[in-house]
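Source: prediction; values computed, not measured. Sequence lines set the chain letters: A, B, ... in the order given, protein chains first and strands last, and positions in each chain run from 1.
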Number of protein chains: 2
Amino acid sequence: LEPKVKGVQWRLGAVGTAEWTGVALSALLDRAVVKSSAREVVLQGADCGMLEDPKGPPGELTFARSIPVSKARADVLLAYKMNGGELPPQHGFPVRAIVPGWYAMASIKWLQRVIVTDQPFGGYYQTIDYAYWKRRGDIGELVPVAEMQIKAEIAKPAQGETVPSSSNVRVHGAAWTSDGEITKVELSTDGGATWCETSLLGASKPNAWRLWEFNWKTPSAPGKRTLIARATDSLGQTQPVHRDPDRGTYMINHLLPIEVTVKL
Amino acid sequence: LEPKVKGVQWRLGAVGTAEWTGVALSALLDRAVVKSSAREVVLQGADCGMLEDPKGPPGELTFARSIPVSKARADVLLAYKMNGGELPPQHGFPVRAIVPGWYAMASIKWLQRVIVTDQPFGGYYQTIDYAYWKRRGDIGELVPVAEMQIKAEIAKPAQGETVPSSSNVRVHGAAWTSDGEITKVELSTDGGATWCETSLLGASKPNAWRLWEFNWKTPSAPGKRTLIARATDSLGQTQPVHRDPDRGTYMINHLLPIEVTVKL
């Protein structure tokens, strides 16, 4: 992506799915007897450090994000197990938040504090960072990144990989969406000129990705071929063809061509 | 200030006071029959352009800022006259907003549109720009710059000026505050070791600066001397000694020493 962002260059493939066990945040809020004027729930992690961003607050900063009370009550989990085992340190031991359907920056690891507030929260990680521009008429507004956008990803073959000509090659990957469920993943092996429907694997599960595969009969002629996957969900949403510049480097769900080489 | 900001380097003295004539924004809101759910009023100017900020929205951006409905109803003016004459082009002809007590970025020039909204507005000029960090416990929040902070400024002598020894030198300047009124301006001619009260000039007027003066009997010995002015208002507020780094390059109202040279 241009311009390059600070920090980890994730490139393609920084996605995962796991099974989480924990306590519903709503149960905690009920016990705390949250007032009806409550508006947002701020989740604060234990991870902190100094920023080098001149736009950031000076001094040590703790990672924190807020979610609307309605979302907090709906399905947010305070998880202490991952895939049935103890939460690994790098996944937020001893307890982390899971905010289903939202990009992962909302799922605070090493959870340290839960703050209920009647004011919108304007922390660094939902204003200067992890925020995008939403148009309201002809003016733009900075809003926090939240719900995941529908997307399909090709796991194999990878960008730049070589495949044999006149063969059966298994093309496979994952697709996900925030609301509804994935109903279709299509694949183009000719750069988007034509599309074929792929096979969805397993059963649809809420807030988990759906795996898909396609048996690609590779062409007999050698050369470069461009693969593109495209997902559609039960709400009729599909991926945009082009990147939305208002989103900066977030919510990158436009069609992403993968180039492979067919060899004799 | 370090780090240097983009744009005009205002340095000291970018202040002014004028008499404005116009229509109360509250009259306009009454005529428009604003709903009780209204929360903010967005004022949009005609000035627009492209930003070079990678954190900004791509494309053309119009200057816009919001104010709470309560402030909009209280005293905001849509001004079409300045000091009794037609509004000059550089001051926002044909009509501009005057948001009393707030830093000038809220007083939108060349006013084009007034939007009433039930959502907090997150435009560029109150998030990425013209915003500062407010502490809420141990986490910081990005909030729009709004009310002016109390401040006294020395107009004359200027930084680096030379004054004669053993003479009477008129030190003068202005002081202002957002709520209440200026009750005292003190001057130190020895870098803050001792303070003298200055004379306030004219009558106190709401939302205007108060001029002050002091007859300085300059020392007989030549050398550098450091002048500092300090204002106090009717709410007992005074200026902080040191800069608050959470404010970035905004609301610079800490004590500002001016160095002059006394010459034989």
Let me know if A:R135 has heavy atoms under 4.5 Å from chain B in its side chain, its backbone, both or neither.
-> side chain
Where along residues 58-80 of chain B does a heavy atom come under 4.5 Å of chain A, listed by residue number?
-> B:P58, B:E60, B:T62, B:A64
Could you name the residues of residues 103-119 of chain B that have a heavy atom within less than 4.5 Å of a heavy atom in chain A?
-> B:R113, B:I115, B:T117, B:Q119
Using a distance-only test with no angle check, is there a side-chain donor-acceptor pair under 3.5 angstrom linking A:D244 and A:Y132?
-> no
Can you tell me if [X] uses its side chain to pair, donor with acceptor, with the backbone of [Y] under 3.5 Å?
| X | Y | value |
| --- | --- | --- |
| A:S188 | A:L227 | no |
| B:N253 | B:I150 | yes |
| A:W133 | B:K55 | yes |
| B:E147 | B:S178 | no |

Tell me, for B:I128 versus chain A, whether the close heavy atoms (under 4.5 Å) come from the side chain, the backbone, both or neither.
-> both
Under 4.5 Å to a heavy atom of chain A? For B:Q126 that would be neither
Between A:E186 and A:R230, is there a salt bridge with N-O shorter than 4.0 Å?
-> yes
Enclosure of B:Q90 CD (heavy-atom neighbours >12, cutoff 6.0 Å) | yes
OH of A:Y124 to CD1 of B:I139: how many Å apart, nearest 0.5 Å?
-> 15.5 Å
